[in-house]
Amino acid sequence: MKIIHISDIHLTIPGEEMGGLNPHARLEQAMRDIADNHPDAVRIIVTGDLAHWGERAAYESLKPFVEAAPVPMRLMIGNHDNRSEFLHVFADHPQDEAGFVNHAETVDGIRFIYLDSVGERTHAGHFCAKRRHWLQNELEHCERARIFLHHNPMLIGLPAEDKIALVPEDRAPLKDLLERYNDRIDYIHFGHVHAPIHGQFAGIPFASVPSTGNQSLPDLQEQDMLKSAPMQPGYYVVLIDGSDTTIHQIPFAWDGVVRTSGTAWEDWEKQPATA
């Protein structure tokens with residue numbers, strides 16, 4: 001099974017830039033690359049920061065991308081999003097009983113669990129007791145699961161970034177919950193940090209995906225200031241084979257030289273110097 005993981009598209013009101021880039025053009029480029037090269041994917045999953053300022057017109061501009069997507073597209077919200085504006089535009093989007101944008105579906109026997117980790121007027125992540133109760137119910141009633149959310153639920157060793165990770169009062173009980181069910185959770189996938197970071201949390205492997213816009217510069221010393229630059233964007237192709245996972249980072253905006261070579265030993269031999 002193949003899924004596409006995109007995050008942090010940061011759409012604006014059309015015509016407005018974000019960080020010196022046109023986020024709509026970047027998303028269009030990514031979606032075109034997906035349509036050309038990965039029409040066999042079963043899902044495109046976008047883990048939040050759909051709109052940079054949470055404006056209704058930005059969500060309206062996302063709708064044509066969802067409607068034209070070559071495979072079903074699943075949306076989550078992030079810290080830059082506005083839950084009520086998102087739900088006004090995507091009125092049919094599923095929610096849990098408490099009104100959070102938590103939802104889930106079973107794909108090829110795996111429960112894909114999409115979480116709402118957004119707090120009010122804060123860039124840090126939140127996952128309160130009501131949300132944990134909903135997640136626990138999902139995990140109790142499945143045999144295998146993958147969890148998708150916006151915020152990193154663990155610390156990642158970047159002091160400034162970790163200030164806006166999941167808040168400690170929610171991080172610890174969520175970790176406890178995940179540890180109780182880690183035998184059935186294959187992977188945790190998230191965005192937020194605008195960088196490819198891999199590891200293990202609560203006994204579960206995790207991966208964060210780059211943004212389609214600006215990328216984070218990892219600074220393991222800086223305490224306060226987030227650093228970013230217009231480096232190459234990317235999305236992930238996630239290949240799932242039973243309990244095995246392979247993740248490819250796709251530099252969809254690259255327009256430079258691409259060299260090809262064969263795989264035989266002779267194809268890589270040093271060529272003799274010419275006179």
Side-chain angles (χ1 to χ4, degrees), residues 5-31 44-66 73-90 93 95 99-103 114-128 131 148-153 156 158 160-167 170-171 189-197 208-217 224-231 233-236:
H5 182 195
I6 297 178
S7 198
D8 297 274
I9 59 178
H10 287 269
L11 295 184
T12 58
I13 295 174
E16 295 179 345
E17 290 187 343
M18 195 290 289
L21 301 172
N22 180 340
H24 303 269
R26 276 290 180 84
L27 179 59
E28 182 178 359
Q29 196 172 9
M31 296 297 290
I44 299 169
I45 299 171
V46 191
T47 51
D49 279 358
L50 307 174
H52 187 62
W53 289 292
E55 296 163 303
R56 188 173 299 180
Y59 296 118
E60 292 285 3
S61 74
L62 177 57
K63 291 188 77 173
F65 288 104
V66 176
M73 198 166 175
R74 298 292 179 259
L75 304 177
M76 274 155 283
I77 58 173
N79 50 289
H80 281 265
D81 288 305
N82 180 296
R83 188 182 290 107
S84 61
E85 292 291 348
F86 168 76
L87 291 172
H88 185 276
V89 174
F90 292 93
H93 196 282
Q95 306 169 56
F100 295 109
V101 190
N102 291 318
H103 54 300
Y114 311 117
L115 302 182
D116 177 342
S117 59
V118 175
E120 292 296 326
R121 296 186 63 81
T122 174
H123 289 297
H126 291 258
F127 204 71
C128 60
R131 285 177 268 196
F148 301 84
L149 73 164
H150 180 69
H151 290 86
N152 47 306
I156 54 175
L158 302 175
E161 293 278 2
D162 283 339
K163 285 188 172 182
I164 55 172
L166 202 69
V167 294
D170 289 339
R171 187 189 314 139
H189 304 271
F190 59 91
H192 188 49
V193 297
H194 291 228
I197 302 173
S208 65
V209 66
S211 168
T212 56
N214 285 292
Q215 310 307 307
S216 290
L217 285 164
D224 299 309
M225 302 304 293
L226 302 173
K227 296 182 177 180
S228 65
M231 299 180 292
Y235 65 82
Y236 279 168

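Worth saying up front: this structure is predicted, and the values here are computed from it rather than measured.
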Checklist entry - side chain to side chain contact (heavy atoms under 4.5 Å, CB included) between Ile6 and Thr212: does it pass, once the steps are laid out? => result CA-CA 7 Å; Ile6 297 178; Thr212 56; 3.8 Å; yes
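- Side chains of Leu62 and Leu75 form a contact here, defined as non-hydrogen atoms less than 4.5 Å apart.
- For His93, the ring pair (Phe, Tyr, Trp, His ring centres under 6.0 Å) test picks out Phe86, His103, with sequence neighbours left out.
- Evaluation of the side-chain contact (heavy atoms from CB on, under 4.5 Å) rule for His151 yields Asn79, Ser117, His192 as partners, not counting sequence neighbours.
- Residues Pro233 and Gln215 are in side-chain contact: their nearest non-hydrogen atoms beyond the backbone lie under 4.5 Å apart.
- Looking at residues two or more places apart in sequence or on another chain, you find no side-chain hydrogen bond (donor to acceptor under 3.5 Å, both in side chains) involving Ser211.
- Considering all non-hydrogen atoms of both residues, Phe100 and Arg83 come closest at CD2-NH2, 3.8 Å.
- Nearest heavy atoms, Pro23 versus Glu16: CD-O, 3.9 Å.
- Using a 4.5 Å cut-off on side-chain heavy atoms (C-beta onward), Asp162 and Ile156 make contact.
- Atom NZ of Lys227 sits about 9.5 Å away from atom CE of Met225, to the nearest 0.5 Å.
- With sequence neighbours excluded, the residues forming a side-chain contact (heavy atoms from CB on, under 4.5 Å) with Lys63 are Glu60, Glu67, Val89, Phe90, listed by chain and number.
- Judged by distance alone, with hydrogens and angles left aside, the side-chain atoms of Ser61 form no donor-acceptor pair with the main-chain N or O of Pro14 at under 3.5 Å.
- With sequence neighbours left out, Asn82 forms a side-chain contact (heavy atoms from CB on, under 4.5 Å) with Tyr59, Ser84, Glu85.
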Item to check | Candidate pair Val118 and Phe127, rule side chain to side chain contact (heavy atoms under 4.5 Å, CB included), full reasoning | outcome: CA-CA 8 Å; Val118 175; Phe127 204 71; over 6 Å; no
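- For Ala229, the side-chain contact (heavy atoms from CB on, under 4.5 Å) partners at least two apart in sequence or on another chain are Leu217, Met231.
- Using a 4.5 Å heavy-atom cutoff, the side chains of Ile45 and Tyr114 are in contact.
- In terms of heavy-atom proximity, Met73 sits nearest to Val66 at SD-CA, 3.8 Å.
- Side chain of Tyr236 to main chain of Ser208: a donor-acceptor pair is present (N/O by atom type, distance under 3.5 Å, no hydrogens or angles).
- Leu11 places none of its side-chain heavy atoms less than 4.5 Å from the side chain of His52.
- When atom types are taken as modelled, the side chain of Asn22 and the backbone of Glu17 share no donor-acceptor pair closer than 3.5 angstrom.
- Judged purely by atom type and a 3.5 angstrom limit, Thr47 has no side-chain atom pairing as donor or acceptor with the backbone of His150.
- The two residues Tyr235 and Ala30 come nearest to each other via the heavy atoms CE2-O, 4.1 Å.
- A distance-only check finds a donor-acceptor pair linking the side chain of Arg171 to the backbone of Leu166 [under 3.5 Å].
- In terms of the side-chain hydrogen bond (donor to acceptor under 3.5 Å, both in side chains) criterion, Arg26 has no residue partners (sequence neighbours excluded).
- In this view, His24 and Thr12 satisfy the side-chain hydrogen bond (donor to acceptor under 3.5 Å, both in side chains) rule, not counting sequence neighbours.
- Asp81 places a side-chain N or O within donor-acceptor distance of the main-chain N or O of Gly78, the cut-off being under 3.5 Å.
- Scored by the ring pair (Phe, Tyr, Trp, His ring centres under 6.0 Å) test, His126 finds no partners at all (sequence neighbours excluded).
- By the salt bridge (Lys or Arg N to Asp or Glu O under 4.0 Å) test, Arg131 is found to be paired with Asp116, residues two or more places apart in sequence or in another chain being considered.
- Expressed to the nearest 0.5 Å, how far CG of Leu158 lies from CG of Leu226 amounts to 9.5 Å.
- Under the rule for a side-chain hydrogen bond (donor to acceptor under 3.5 Å, both in side chains), the partners of His194 that lie at least two apart in sequence or sit in another chain are Asp8, His10.
- Checked options Val101, Val46, Leu87; the residue passing with Ile77 is Val101 (criterion: side-chain contact (heavy atoms from CB on, under 4.5 Å)).
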Checklist entry - Is there a side chain to side chain contact (heavy atoms under 4.5 Å, CB included) between Lys163 and His123 once you walk through the steps? => result CA-CA 9 Å; Lys163 285 188 172 182; His123 289 297; over 6 Å; no
